[in-house]
2 protein chains.
Amino acid sequence: MNGHCHGRAQSMERFLEISLLILLYDTKGYGYLLMEKLENFGFSSEQMNIGSLYRVLRKMESSSLVASSWEQGAQGPKRRVYEITDEGKRMLDIWIQHVRRRKETIEYLLETYETTIHDRMN
Amino acid sequence: MNGHCHGRAQSMERFLEISLLILLYDTKGYGYLLMEKLENFGFSSEQMNIGSLYRVLRKMESSSLVASSWEQGAQGPKRRVYEITDEGKRMLDIWIQHVRRRKETIEYLLETYETTIHDRMN
DNA sequence: TTTACTATATTCAACTTGCATATAGTAACT
DNA sequence: AGTTACTATATGCAAGTTGAATATAGTAAA
């Protein structure tokens, strides 16, 4: 039910979804691997929990942002491998615009903070 | 229980708390007024709900980030007026560092997105 | 006395999250 | 064959967060 105009604008989950869509834009990926790649996006394996990752991937599949299939890796159990869909690309495009606005907001906040503190120092 | 090392790193609520501390750094303020000022920080009065604002202000008082007192305005009912505490300033200082890191993460995400999309275009 | 506005606060249902746990295949060692 | 370790996916539950609606109440003008 979370289109681009409804629901919470930018929760951690939304940020996670966006990161995953970017990672999957290039190449397919499965949970455990994506987990590692997510570190670059600020989801360190300490604070990021694997259960949430699998949950959000299933949710993204149910809303057709990604599609999955089972693949046998070199060793270990089968992997559920995800790839991005056209709908996923379309949604990423929309969500990225929100991220840009969020970036501006953060910049405004930091500037305001620095101005406020600086004025206090003098 | 949310010190600077525990709990969710940057929910909307945390972002709201930081914005409020910055607003209160300069001058005292009360709920209804702060509501308007928050627009600059990306909390538009449409999407921002006043109930959440009052809730978070009370919570911030209970954790000693702000202190409140009742004041009679020019007209209308009394206002609960908040001011920042030393503890609030200390916490803001810590949280701002998190925001800076978050800004970097967002920049990384946007750069990665643009690179990914650009590569696809050629 | 009714309507509108300012102002604060609470309730409730729905959703989100972290943590723990369950399940299970592979692989190495004994 | 049994144990341990590792890879991999998934679910259950308690606690926390949120949005929307509602409650309360003072002021002020019609």
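Residue numbers start from 1 in every chain, and the chains themselves are labelled A, B, ... in the order their sequence lines are given, proteins ahead of strands.
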Undergrad: Could you state the CG-P distance from L20(B) to dT8(C), rounded to the nearest angstrom?
TA: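 That distance rounds to 13 Å.
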Undergrad: Verify the contact: side-chain N or O of S52(B) to OP1 or OP2 of dG19(D), cut-off strictly under 4.0 Å; return yes or no.
TA: yes
Undergrad: Under 4.0 Å between a side-chain N or O of R80(B) and OP1 or OP2 of dT8(C)?
TA: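 False: R80(B) side-chain N/O out of range (4.0 Å or more) of dT8(C) OP1/OP2.
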Undergrad: The criterion is salt bridge (charged side-chain N to carboxylate O under 4.0 Å, His left out); which residues satisfy it with E87(A), sequence neighbours excluded?
TA: R90(A)
Undergrad: Can the positive tip of R79(A) be found less than 6.0 Å from the middle of the six-membered ring of W70(A), inside 45° of the ring normal?
TA: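 Judged by the rule, R79(A) and W70(A) form no cation-pi pair.
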Undergrad: Please state how far atom CG in N49(A) lies from atom C1' in dA8(D), giving the value in whole angstrom units.
TA: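 Those two atoms, CG and C1', are 15 Å apart.
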Undergrad: Within this structure, what is the CZ-to-C1' distance between F15(A) and dT16(C), rounded to whole angstrom?
TA: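 Computing the F15(A):CZ to dT16(C):C1' distance gives 17 Å.
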Undergrad: With sequence neighbours left out, write down each residue that passes salt bridge (charged side-chain N to carboxylate O under 4.0 Å, His left out) with R58(A), or none if nothing qualifies.
TA: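 So R58(A) forms a salt bridge (charged side-chain N to carboxylate O under 4.0 Å, His left out) with E61(A).
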Undergrad: Show every salt bridge (Lys or Arg N to Asp or Glu O under 4.0 Å) that has at least one partner inside residues 104-113 of chain A, sequence neighbours left out.
TA: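 Of all non-adjacent pairs touching residues 104-113 of chain A, those that pass salt bridge (Lys or Arg N to Asp or Glu O under 4.0 Å) are K103(A)-E107(A).
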Undergrad: Between atom CE in M35(B) and atom C1' in dT8(C), what is the gap in whole Å?
TA: 13 Å
Undergrad: Under 3.5 Å, which protein N or O atoms sit close to an N or O of nucleotides 21-24 of chain C? Give each pair with its distance.
TA:
none

Undergrad: Below 4.0 angstrom from OP1 or OP2 of dA9(C), is there any side-chain N or O of R58(B)?
TA: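 Answer is yes, contact under 4.0 Å.
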Undergrad: Filter on salt bridge (Lys or Arg N to Asp or Glu O under 4.0 Å), then keep only pairs touching residues 64-76 of chain B, sequence neighbours left out; what's left?
TA: K28(B)-E71(B)
Undergrad: If the condition is salt bridge (charged side-chain N to carboxylate O under 4.0 Å, His left out), which residues does E114(A) pass it with, not counting sequence neighbours?
TA: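 Salt bridge (charged side-chain N to carboxylate O under 4.0 Å, His left out) list for E114(A), sorted by chain: R100(B).
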Undergrad: Do the side-chain N or O atoms of Y32(A) get closer than 4.0 angstrom to the phosphate oxygens (OP1, OP2) of dT9(D)?
TA: no
Undergrad: If you compare every side-chain N and O of Y54(B) against the phosphate oxygens of dA7(C) (OP1, OP2), does one of them come in below 4.0 Å?
TA: no
Undergrad: Tell me which nucleotide among dA9(C), dT9(D), dA7(C) gets nearest to the side chain of Y30(B).
TA: dA7(C)
Undergrad: Using the closest heavy atom to pick a nucleotide of DNA chain C for each, name whichever of R55(B) or E36(B) lands nearer the 5' end.
TA: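 Nearer the 5' end of the strand: E36(B).
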Undergrad: Atom CE of M48(B) and atom C1' of dT17(D): how far apart are they, to the nearest Å?
TA: 13 Å
Undergrad: Measure from CD on Q72(B) to C1' on dG26(D) and round the result to the nearest Å.
TA: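 After rounding, the reported distance stands at 8 Å.
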Undergrad: Counting any heavy atom closer than 4.0 Å, what does G51(A) reach on the DNA or RNA strands: base, sugar-phosphate only, or nothing?
TA: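 It contacts base atoms.
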Undergrad: Please give, in whole Å, the distance from dT17(D) P to F43(B) CZ?
TA: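 Between P of dT17(D) and CZ of F43(B): 15 Å.
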Undergrad: For L53(A) and dT7(D), what is the distance between atoms CG and P respectively, to the nearest whole Å?
TA: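 Computing the L53(A):CG to dT7(D):P distance gives 16 Å.
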Undergrad: Which atom pair, heavy atoms only, marks the closest approach of F41(B) to T105(A)?
TA: O-CG2, 2.9 Å
